[in-house]
Amino acid sequence: MSKRDFYEVLGVERGASEAEIKKAYRRVAMKNHPDRNPDKPEAEEKFKEANEAFEVLSDAEKRARYDQYGHAGIEGQTSAGSADFGDIFGDIFGDIFGGGGGRGGGRSHVRKGADLRYNLELNLEEAVGGTTVKIRIPTTVTCTKCEGTGAKPGTQPVDCSTCAGHGQVRMQQGFFSVQQTCPRCQGAGKQIKDPCHVCHGRGNRDETKTLSVKVPAGVDSGDRIRLTGEGQAGVHGGPPGDLFVEMHIRPHDIFERDGRNLHCEIPINFTDAALGGELEVPTLDGKVKLKIPSETQTGKLFRLRGKGVTSIRGGGAGDLLCRVVVETPVNLTARQKEILEEFQGIQKEEGSRQSPRESSWFDGVKKFVDGLTS
């Protein structure tokens with residue numbers, strides 16, 4: 001069964017703010033919470049559905065992946081199917097009844113680090129041919145002194161005195177029994193009595209690292225490379241997140257890319273356009289000769305097969321499409337003007353036979369004007 005759109009589940013627009021999403025989630029969760037609907041199994045399913053939607057839309061990175069790729073973009077990254085109703089409901093009303101901690105204050109204080117994104121700019125030649133690029137990124141890494149525990153070497157974190165190591169506390173408010181994140185340990189279940197003097201109890205430290213990124217041939221703007229384990233360090237010894245390197249191709253002076261094809265404009269003088277000739281045309285592999293037939297007009301496209309791009313997604317190389325632009329000469333000498341004036345007189349005698357498009361256009365204009373005055 002296909003999942004409903006998360007924005008539809010919460011009843012908000014795709015551009016809804018974080019506050020609007022949270023407000024909508026509260027409304028749907030209160031209406032469908034199992035404690036309030038013991039005889040309605042469908043309410044429990046709606047509650048799970050709302051929790052999964054909120055888990056994604058309240059996380060900026062997950063929301064961005066969902067907006068771009070739909071459910072496929074966050075597959076395996078939500079936990080609604082096994083949600084703890086007490087934990088979730090406690091989170092909804094956490095700011096009403098007090099207490100700290102964020103959503104999903106855990107029974108385990110070990111968590112995977114956040115994923116990172118790096119925007120990598122490449123020129124067209126690098127994107128088409130592939131390259132290796134070194135990048136420097138600010139990140140957090142696990143503290144080697146305490147091995148991510150945050151505690152002074154030789155000591156260990158102890159159970160939280162408020163929640164007895166559970167990470168959650170339960171509060172009674174009217175007919176609701178609300179379970180929420182422990183305000184003392186922020187859901188970790190542990191307290192550090194003697195913090196590590198290197199990371200000061202964080203379990204990780206800030207660092208700038210250099211990575212070598214191998215860019216395969218044929219990438220295009222928007223393509224991403226995933227570097228597993230190169231994201232932020234995990235919390236309290238958890239595994240690190242991943243780094244996503246996103247490609248951005250700079251504009252080229254000559255070529256414009258369209259998928260597997262390349263486009264370029266070729267200016268030619270009007271005598272070559274009229275009489276025909278041979279030109280040298282640049283490609284990413286070097287220059288090739290292009291024959292221009294006589295009577296070539298501006299806008300004429302010449303296709304050079306196989307001179308485009310081989311996409312990273314497979315298939316053969318695309319084509320290079322060259323658009324001819326006939327250029328009017330400037331800075332004419334007296335002799336050139338004399339010759340052109342002579343040519344102009346001869347051309348007028350020939351009329352529409354040599355300028356068919358001009359003649360047909362003026363015929364159309366005449367009919368249009370006559371229609372307005374009749």
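We're numbering straight along the sequence, starting at 1.
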**OP:** Kindly check if the number of other-residue, nucleotide or ligand heavy atoms within 6.0 Å of NE2 (His248) is above 12?
**Re:** yes
Original post:
Can we say Glu61 and Arg65 salt-bridge, meaning some charged N sits less than 4.0 Å from an Asp/Glu carboxylate O?
Top reply: yes
Original post:
Taking only residues two or more places apart in sequence, or in another chain, which ones meet Gln336 in a side chain to side chain donor-acceptor pair (under 3.5 Å)?
Top reply: Thr333
Subject >> Ring-face cation contact, Phe244 with Arg224, 6.0 Å cut, 45° max >> reply: yes
Subject >> Side-chain donor or acceptor of Arg257 paired with backbone N/O of Gly259 under 3.5 Å >> reply: yes
**OP:** Check side chain to side chain donor-acceptor pair (under 3.5 Å) between Arg63 and all other residues, then give those that pass, not counting sequence neighbours.
**Re:** Tyr7
**OP:** Only counting residues at least two apart or in another chain, list the ones meeting side chain to side chain donor-acceptor pair (under 3.5 Å) with Lys23.
**Re:** none
Please tabulate, for side-chain N and O atoms in residues 264-272, each donor-acceptor pair with protein atoms closer than 3.5 Å (sequence neighbours left out).
unit_1 : atom_1 : unit_2 : atom_2 : d
Glu265 : OE2    : Arg323 : NH1    : 3.1
Asn269 : OD1    : Thr271 : N      : 3.2
Asn269 : OD1    : Thr271 : OG1    : 2.5
Asn269 : OD1    : Asp272 : N      : 2.8
Asn269 : ND2    : Asp272 : OD2    : 3.1

Original post:
Hey, are Asp319 and Arg260 close enough for a salt bridge, meaning a charged N less than 4.0 Å from a carboxylate O?
Top reply: no
**OP:** Mind checking the CD-CD spacing from Glu49 to Glu52? Nearest 0.5 Å is all I need.
**Re:** 8.0 Å
Original post:
Would you call Lys209 and Glu230 a salt bridge, using N to O less than 4.0 angstrom?
Top reply: yes
**OP:** Quick one: do Lys46 and Glu44 satisfy salt bridge (Lys or Arg N to Asp or Glu O under 4.0 Å)? Show the steps, please.
**Re:** CA-CA 5 Å; Lys46 290 181 179 179; Glu44 180 176 326; over 6 Å; no
Original post:
Is the Phe6-Tyr66 ring centre distance short of 6.0 angstrom?
Top reply: yes
**OP:** Mark yes when over 12 heavy atoms from residues, nucleotides or ligands other than Glu246 sit less than 6.0 Å from its CD; otherwise mark no.
**Re:** yes
Original post:
Shared ILVMFWY cluster between Val288 and Leu321, side chains joined below 4.5 angstrom?
Top reply: no
**OP:** Could you tell me which non-hydrogen atom of Ser221 sits nearest to which non-hydrogen atom of Ile249, and how far apart they are?
**Re:** OG-N, 2.9 Å
**OP:** Could you list the residues that satisfy side chain to side chain donor-acceptor pair (under 3.5 Å) with Asp220, not counting sequence neighbours?
**Re:** none
Original post:
How would you list all residue pairs meeting salt bridge (charged side-chain N to carboxylate O under 4.0 Å, His left out) that involve residues 118-142, not counting sequence neighbours?
Top reply: Glu121-Arg250
Original post:
Salt bridge between Arg313 and Asp223, side-chain N to carboxylate O under 4.0 Å?
Top reply: yes
**OP:** Mind running salt bridge (Lys or Arg N to Asp or Glu O under 4.0 Å) on Asp115 and Arg226 for me, showing each step along the way?
**Re:** CA-CA 10 Å; Asp115 292 337; Arg226 179 176 185 165; 5.6 Å; no
Original post:
If you draw a 6.0 Å radius around CD in Glu256, do more than 12 non-hydrogen atoms from other residues or ligands fall strictly inside?
Top reply: no
Original post:
Looking only at heavy atoms, which two atoms of Ala151 and Thr155 are closest? And how far apart?
Top reply: CB-OG1, 3.6 Å
Original post:
So which heavy atom on Asp39 is nearest to which on Pro41, and how close?
Top reply: O-CD, 3.5 Å
Original post:
Would the number of heavy atoms belonging to other residues, nucleotides or ligands and lying under 6.0 Å from CD of Glu342 be above 12?
Top reply: no
Original post:
Quick check: does any side chain N or O of Thr298 sit under 3.5 Å from a backbone N or O of Val326, one acting as donor and the other as acceptor?
Top reply: yes
**OP:** For Glu42, look at atom CD and say whether over 12 heavy atoms of other residues, nucleotides or ligands are found less than 6.0 Å away.
**Re:** yes
